[in-house]
K.L.:
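A single structure is presented below for examination.
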Amino acid sequence: MCNNRLEVIRQTEKGYLMHCRGCGRFQLGFGTTAISMSKKHLMALWKEIDFQLLHWKDRLPKGEKSFFFATDSQNVKLVLCYMEMEWLHDLISQSFLILEAQALIKAEPGE
């Protein structure tokens, strides 16, 4: 990751998502973890969290750490409770909306 080209896309009290314009990778900071990942993996993580939120809604205690998510790093997994999944899902969703809006603003008229 090109640390000198990181752009903060979204930051909340729970975490942040940054994007590197140089290499195109994302850095996700959440809780005590910061992970660098590709856009493909970030999308896969978001889709898996989205699925788990729908599947487990109102089935588990909200504070129980019951969900494990793989990362680009073979030895690192995110372990989250339902509430943390909601927070992370919101962070990533809002970040994608910001990126889409930025792309529309930069687009040439008529594209």
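All of these numbers come straight from a predicted model, not from anything done at the bench.
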K.L.:
Can you give me the closest heavy-atom contact between Y16 and Q11, atom names plus distance?
P.N.:
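Heavy atoms only, the tightest pair is CB-CG, 4.0 Å.
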K.L.:
Can you check whether M85 reaches W56 side chain to side chain, under 4.5 Å on heavy atoms?
P.N.:
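Of all side-chain heavy-atom pairs linking W56 with M85, none is under 4.5 Å.
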K.L.:
At their closest point, which heavy atom of S95 faces which heavy atom of L17, and how far apart are they?
P.N.:
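For S95 versus L17, the nearest heavy atoms are CB-CD2, 3.4 Å.
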K.L.:
Do L91 and K14 come close enough that some side-chain heavy atom pair is under 4.5 Å?
P.N.:
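L91 does not reach K14 side chain to side chain.
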K.L.:
So how far is it from L42 CG to Q27 CD, rounded to the nearest 0.5 Å?
P.N.:
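Rounded to the nearest 0.5 Å, the CG-CD separation comes out at 12.0 Å.
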K.L.:
Any donor-acceptor pair under 3.5 Å linking the side chain of Y82 with the backbone of E64?
P.N.:
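Pair absent, no side-chain N/O of Y82 close to backbone of E64.
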K.L.:
For V79 versus E84, what's the shortest heavy-atom pair and its separation?
P.N.:
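Result for this residue pair: O-OE1, 4.0 Å.
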K.L.:
For the CZ atom of F26 and the CG atom of L99, what is their distance to the nearest 0.5 Å?
P.N.:
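Atom-to-atom, F26:CZ and L99:CG are 5.0 Å apart.
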K.L.:
State, yes or no, whether a side-chain contact exists between L80 and F30 at a heavy-atom distance under 4.5 Å.
P.N.:
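Side-chain contact under 4.5 Å: yes.
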K.L.:
Should the pair W46 and F96 be assigned to parallel (<30°), tilted (30 to 60°) or perpendicular (>60°) ring geometry?
P.N.:
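Geometry flag for F96 against W46: perpendicular rings.
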K.L.:
OG of S38 to NZ of K40: how many Å apart, nearest 0.5 Å?
P.N.:
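If we round to the nearest 0.5 Å, S38:OG and K40:NZ are 7.5 Å apart.
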K.L.:
Restricting to non-hydrogen atoms, name the atom on V76 and the atom on T71 that form the minimum distance, rounded to 0.1 Å.
P.N.:
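Of all heavy-atom pairs spanning V76 and T71, the closest is O-OG1, 2.7 Å.
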K.L.:
Is a side-chain N or O of R5 found less than 3.5 angstrom from the main chain of R21, in a donor-acceptor match?
P.N.:
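Flag not set: sc R5 to bb R21 has no pair under 3.5 Å.
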K.L.:
In Å and rounded to the nearest 0.5 Å, what is the CG to CD distance from L53 to E86?
P.N.:
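It is 6.0 Å, given to the nearest 0.5 Å.
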K.L.:
Check whether L88 and L97 end up in the same hydrophobic cluster, where Ile, Leu, Val, Met, Phe, Trp and Tyr are linked by side-chain heavy atoms less than 4.5 Å apart.
P.N.:
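No, separate clusters.
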K.L.:
Any chance you could measure D90, atom CG, to T12, atom OG1, to the nearest 0.5 Å?
P.N.:
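Result: 9.0 Å between the selected atoms.
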K.L.:
Just so I know, are the side chains of I98 and Q102 near enough to count as touching, which here means a heavy-atom distance under 4.5 Å?
P.N.:
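SC-SC contact between I98 and Q102 confirmed.
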K.L.:
Could you measure the distance from the CD atom of Q94 to the CD1 atom of I92? Nearest 0.5 Å is fine.
P.N.:
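Going from the CD atom of Q94 to the CD1 atom of I92 covers 10.5 Å.
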K.L.:
Okay, side chain of H41, backbone of A70: is any donor-acceptor separation there less than 3.5 Å?
P.N.:
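Confirmed, H41 side chain pairs with A70 backbone.
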K.L.:
Using atom types as modelled and distance alone, determine if a side-chain donor or acceptor of E48 lies under 3.5 Å from a backbone N or O of L45.
P.N.:
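Answer holds: no.
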